[in-house]
There are 2 protein chains.
Amino acid sequence: MSDRPVQPRPGRKRSEESRLAILTAAFELIAEVGYAGLTIEGIAARSGTGKQTIYRWWPSKADVLMDAMATKAELYVPIPDTGSYAADLRAFLEASFTLARRPAVADGLRALMAEAQIDAAFGERFRASFLRPRRDALGIVLERARSRGELPPGLSPGAIADIVFGTIWYRLLATRRLPDDRLVEELVTALTEPGLEEPS
Amino acid sequence: MSDRPVQPRPGRKRSEESRLAILTAAFELIAEVGYAGLTIEGIAARSGTGKQTIYRWWPSKADVLMDAMATKAELYVPIPDTGSYAADLRAFLEASFTLARRPAVADGLRALMAEAQIDAAFGERFRASFLRPRRDALGIVLERARSRGELPPGLSPGAIADIVFGTIWYRLLATRRLPDDRLVEELVTALTEPGLEEPS
DNA sequence: AAATGAAGACGAGACGTATCGATTCGAAAG
DNA sequence: CTTTCGAATCGATACGTCTCGTCTTCATTT
């Protein structure tokens, strides 16, 4: 017999109002004081809730921020399907760059990736619920291209994903120059079989 | 008349012994307790020095770690010059990967990049004294290739640098799969003019 | 009755500053 | 050359502050 893990006995329902107030406060505070100045107590005060309400539902402030990013910013995952690998890749890059160019999103992503390095348990959650879905989305695009024989010889889907996401993250984390349209074209150039790009 | 700005009055000389003890302690502690568990007080205790001695010479524990990495690990910056762009690029990648594959180095780099996101002032120092020299080294390699007309059309040196370092850092930070020799070849494939690679 | 809510007290731990007496260097004085 | 003396360092530790995460209280909701 497994003791009932979920479905706690009656009680009171989780307050959706408090949940949104906490996420909103976190999203606003990160822009005002930065991640270093973000504290659980600050989020509780700003949202008009108690610390325990936050600790009850989120394991750490990074998880609150990750939740806030997903809820307040619209971090959709694009899976373009135009019929051409080059066009799909370009569309994926443009959609990703458009997101990363929003300053609040860029700041939040930097903080999440940083915390993932320092807090190993959060790192697991970040990779599983944020990084992996995006990598899988590009994986679908690349698998379609591979089955059509459009991938450049000598380049595996895994390496292409490393290059695509690596370049985006490097611009965010290291150079702090947000990715631009020129970089889209250069990545497409590097990752596309020359001569087959754009039938036109 | 300029009042003597430099040349401080006599005083006592900085203790090289203490300096090394502090860097050694930091390098050992990061492997034992991780960056999250690394504290100034812990470094002081392990090194047999006082907190003030650390605060007098380093602005933050991240700076101590960056110094320790540079001193204890040998983070040389390769600038290969074989006469061929493809071979230079391959040599640069292999040298960089060899460094990044050392677990203590990989852990330290992850911590430094993370702290650079959270502490803006340290971020400046990290970019100026760690990232920029390595990017400049690759820049020299790429400039030689450009002057020989070996760079693929449509790929600027800046984009190539973004792709090279981006891919390395992404493997370190996001996938935590250390870069391997296969990735070297795939990067060379993506960043080399097909057909001109390796005159054989 | 039971789980939730806001509010806040609490101890632990790390930060960064300040201060102490002792030590060590360099320059000036003898 | 020797002595003296000021300055900056050293190890060590006290101090106040901050944040964390837990725990407690009491009211509210189902």
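A, B, ... follow the sequence lines: proteins, then strands. Residue 1 opens every chain.
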request  = Could you tell me whether B:Asp162 and B:Arg135 make a salt bridge, using a distance below 4.0 angstrom between a side-chain N and a carboxylate O?
outcome  = yes

Here's one to test your reading of the geometry: is the NZ or CZ of [X] within 45 degrees of the ring axis of [Y] and under 6.0 Å from its centre?
X        : Y        : value
B:Lys61  : B:Phe122 : no
A:Arg19  : A:Trp57  : no
B:Arg127 : B:Phe130 : no

May I ask you to evaluate whether [X] reaches the phosphate of [N], defined as a side-chain N or O under 4.0 Å from OP1 or OP2?
X       : N      : value
B:Thr39 : C:dA14 : no
A:Trp57 : C:dA3  : no
B:Ser18 : D:dG11 : yes
B:Trp58 : C:dG16 : no
B:Lys13 : C:dG26 : yes
A:Ser15 : C:dT4  : no
A:Arg56 : C:dG5  : yes

request  = Give a yes or no on whether a donor-acceptor pair under 3.5 Å exists between the nucleobase atoms of D:dG11, that is its base, and the side chain of B:Lys51.
outcome  = no

query = Would you say the base of D:dT28 and the side-chain of A:Arg12 have a donor-acceptor pair closer than 3.5 Å?
reply =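 Checked by distance alone, the answer is yes.
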
Whole angstroms only, please: what is the [atom1]-[atom2] distance between [X] and [N]?
X        : N      : atom1 : atom2 : value
A:Glu16  : C:dG5  : CD    : C1'   : 15 Å
A:Arg14  : C:dA6  : CZ    : P     : 11 Å
A:Ile40  : D:dC18 : CD1   : P     : 18 Å
B:Tyr55  : D:dA14 : OH    : P     : 17 Å
A:Ile22  : C:dT4  : CD1   : P     : 13 Å
B:Arg46  : C:dA14 : CZ    : P     : 15 Å
A:Asp119 : D:dC20 : CG    : C1'   : 13 Å
B:Ile43  : C:dA14 : CD1   : P     : 12 Å

Residue [X], side-chain heavy atoms: nucleotide from [options] that is nearest:
X       : options                : result
A:Glu41 : C:dC15, D:dC20, C:dG5  : D:dC20
A:Thr53 : C:dC15, D:dG21, C:dG5  : C:dG5
B:Gln52 : D:dG11, C:dA18, C:dC15 : C:dA18

A:Leu151 side chain reached by A:Pro157 side chain, heavy atoms, under 4.5 Å =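 Yes, side chains in contact.
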
task = For residues A:Phe97 and A:Asp180, determine if any side-chain heavy atom of one lies less than 4.5 Å from a side-chain heavy atom of the other.
result =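 With C-beta onward as the side chain, the pair stays apart.
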
query = With a 4.0 Å cut-off on heavy atoms, is A:Gly48 in touch with a base, just the backbone sugar-phosphate, or nothing at all?
reply = sugar-phosphate

